[in-house]
Enquirer: 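Below is one structure. I have some questions about it.
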Amino acid sequence: GENVEQHPSTLSVQEGDSAVIKCTYSDSASNYFPWYKQELGKRPQLIIDIRSNVGEKKDQRIAVTLNKTAKHFSLHITETQPEDSAVYFCAASMDNQFYFGTGTSLTVIP
Amino acid sequence: NAGVMQNPRHLVRRRGQEARLRCSPMKGHSHVYWYRQLPEEGLKFMVYLQKENIIDESGMPKERFSAEFPKEGPSILRIQQVVRGDSAAYFCASSPGQGAVYGYTFGSGTRLTVV
């Protein structure tokens, strides 16, 4: 089955700096890669996603890149704000289920 | 559209009791997925159901756990004879179709505590 690894597990940045979270996956058949943000005690919420026919996608301060050859994808958050503090999960998907990374706890220091 | 509704939000059970977790998918969604999130860990797939059918239960423990999605009513995740290790947050997600192209919407989860 698919194996998704996510790094780092914790990340602290100063407000205004950029944050980068990286994930690798093992199954080349995976074709959809969403990123979820989970605030403490709340549901995971989709913040951005990318499909395997695209190399990069951007939505305001958030961008995701995908390297299919190397089987890795990354989340980039620019101009971080305190409200960006949360746990971020990457996932790789094919067919019926998503395989999640173990999460990155991001803390943005004001 | 109220989104994916899960209840209860919090559930406390004594060891050996049964836990029943409910998930009502978004309107128009007929595909339901259950995930378990242990403290400090990611989301682990448990089971994928469509109405009246279990499509993929490869993530379900072989004993004590069962899931259903009847023709009418919510999807139910049942845990019999709960143990302390079952304490976790259980999230359900729904989608309107099969396959990654449809994406997921998560519910707010049920936090099960076994005492």
Side-chain angles (χ1 to χ4, degrees), chain A residues 1-10 21 23-25 27-54 57 59 64 66 68 73 75 86-106, chain B residues 2-7 9-10 23-26 29-50 53-60 67 69 88-113:
Chain A
E2 175 66 279
N3 180 44
V4 177
E5 295 189 356
Q6 183 172 347
H7 301 279
S9 57
T10 60
I21 303 170
C23 288
T24 60
Y25 62 100
D27 195 329
S28 57
S30 290
N31 55 14
Y32 174 65
F33 306 91
W35 286 87
Y36 287 85
K37 176 183 180 182
Q38 187 178 27
E39 296 178 29
L40 188 63
K42 296 188 177 181
R43 75 183 75 187
Q45 291 197 306
L46 179 69
I47 55 171
I48 196 167
D49 56 14
I50 192 167
R51 303 189 188 279
S52 59
N53 58 345
V54 176
K57 183 177 179 181
D59 182 3
V64 58
L66 171 65
K68 286 178 58 181
F73 55 113
L75 177 71
V87 178
Y88 291 80
F89 291 98
C90 65
S93 174
M94 53 179 158
D95 298 331
N96 303 329
Q97 59 172 288
F98 289 12
Y99 298 86
F100 285 87
T102 49
T104 296
S105 178
L106 173 64
Chain B
V4 179
M5 303 300 293
Q6 287 188 251
N7 65 82
R9 289 294 304 274
H10 300 276
C23 170
S24 296
M26 284 184 69
H29 288 195
S30 58
H31 300 249
V32 167
Y33 309 77
W34 284 93
Y35 284 81
R36 176 164 62 177
Q37 186 175 34
L38 292 167
E40 310 298 326
E41 291 189 13
L43 295 145
K44 300 293 186 185
F45 170 78
M46 299 182 74
V47 60
Y48 162 43
L49 311 103
Q50 293 182 40
N53 288 304
I54 296 175
I55 308 302
D56 182 350
E57 56 181 348
S58 57
M60 287 275 274
F69 190 14
Y90 292 83
F91 287 93
C92 133
S94 72
S95 68
Q98 179 178 331
V101 65
Y102 292 98
Y104 270 8
T105 300
F106 277 93
S108 296
T110 293
R111 280 150 188 84
L112 172 65
T113 302

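Heavy atoms only: backbone and side chains are in, while hydrogens, waters and symmetry mates are out. A note on names: the letters A, B, ... follow the listed sequences, proteins ahead of strands, and every chain is numbered from 1.
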Enquirer: With a cut-off of 6.0 Å (strictly less than), are more than 12 heavy atoms of other residues, nucleotides or ligands near CE of B:Met5?
Expert: no
Enquirer: Please look at A:Pro44 and chain B and tell me whether the side chain, the backbone, both or neither of the residue comes under 4.5 angstrom of a heavy atom of that chain.
Expert: both
Enquirer: Using atom types as modelled and distance alone, determine if a side-chain donor or acceptor of A:Arg43 lies under 3.5 Å from a backbone N or O of B:Phe91.
Expert: no
Enquirer: Under a 4.5 Å cutoff for heavy-atom pairs, which residue among B:Gln37, B:Gln6, B:Arg9 has the most contacts with chain A?
Expert: B:Gln37
Enquirer: Mind checking what makes side chain to side chain donor-acceptor pair (under 3.5 Å) contact with B:Ser58, not counting sequence neighbours?
Expert: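 Partners of B:Ser58 under the side chain to side chain donor-acceptor pair (under 3.5 Å) test: B:Asp56.
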Enquirer: Ring centres under 6.0 Å, that's the criterion: do B:Tyr33 and A:Phe98 meet it?
Expert: no
Enquirer: Check the pair B:Phe106, A:Tyr36 against ring pair (Phe, Tyr, Trp, His ring centres under 6.0 Å), reporting the backbone distance first and the verdict last.
Expert: CA-CA 10 Å; B:Phe106 277 93; A:Tyr36 287 85; 5.3 Å; yes
Enquirer: Residues in side chain to side chain donor-acceptor pair (under 3.5 Å) with A:Lys68, at least two apart?
Expert: none
Enquirer: Relative to chain B, which of A:Ser9, A:Pro34, A:Gly41 shows the most heavy atom pairs under 4.5 Å?
Expert: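 Highest number of heavy-atom pairs under 4.5 Å: A:Gly41.
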Enquirer: Checking heavy atoms, do the side chain of A:Gln38, its backbone, both or neither come under 4.5 Å from chain B?
Expert: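 It is the side chain, since no backbone atom gets that close.
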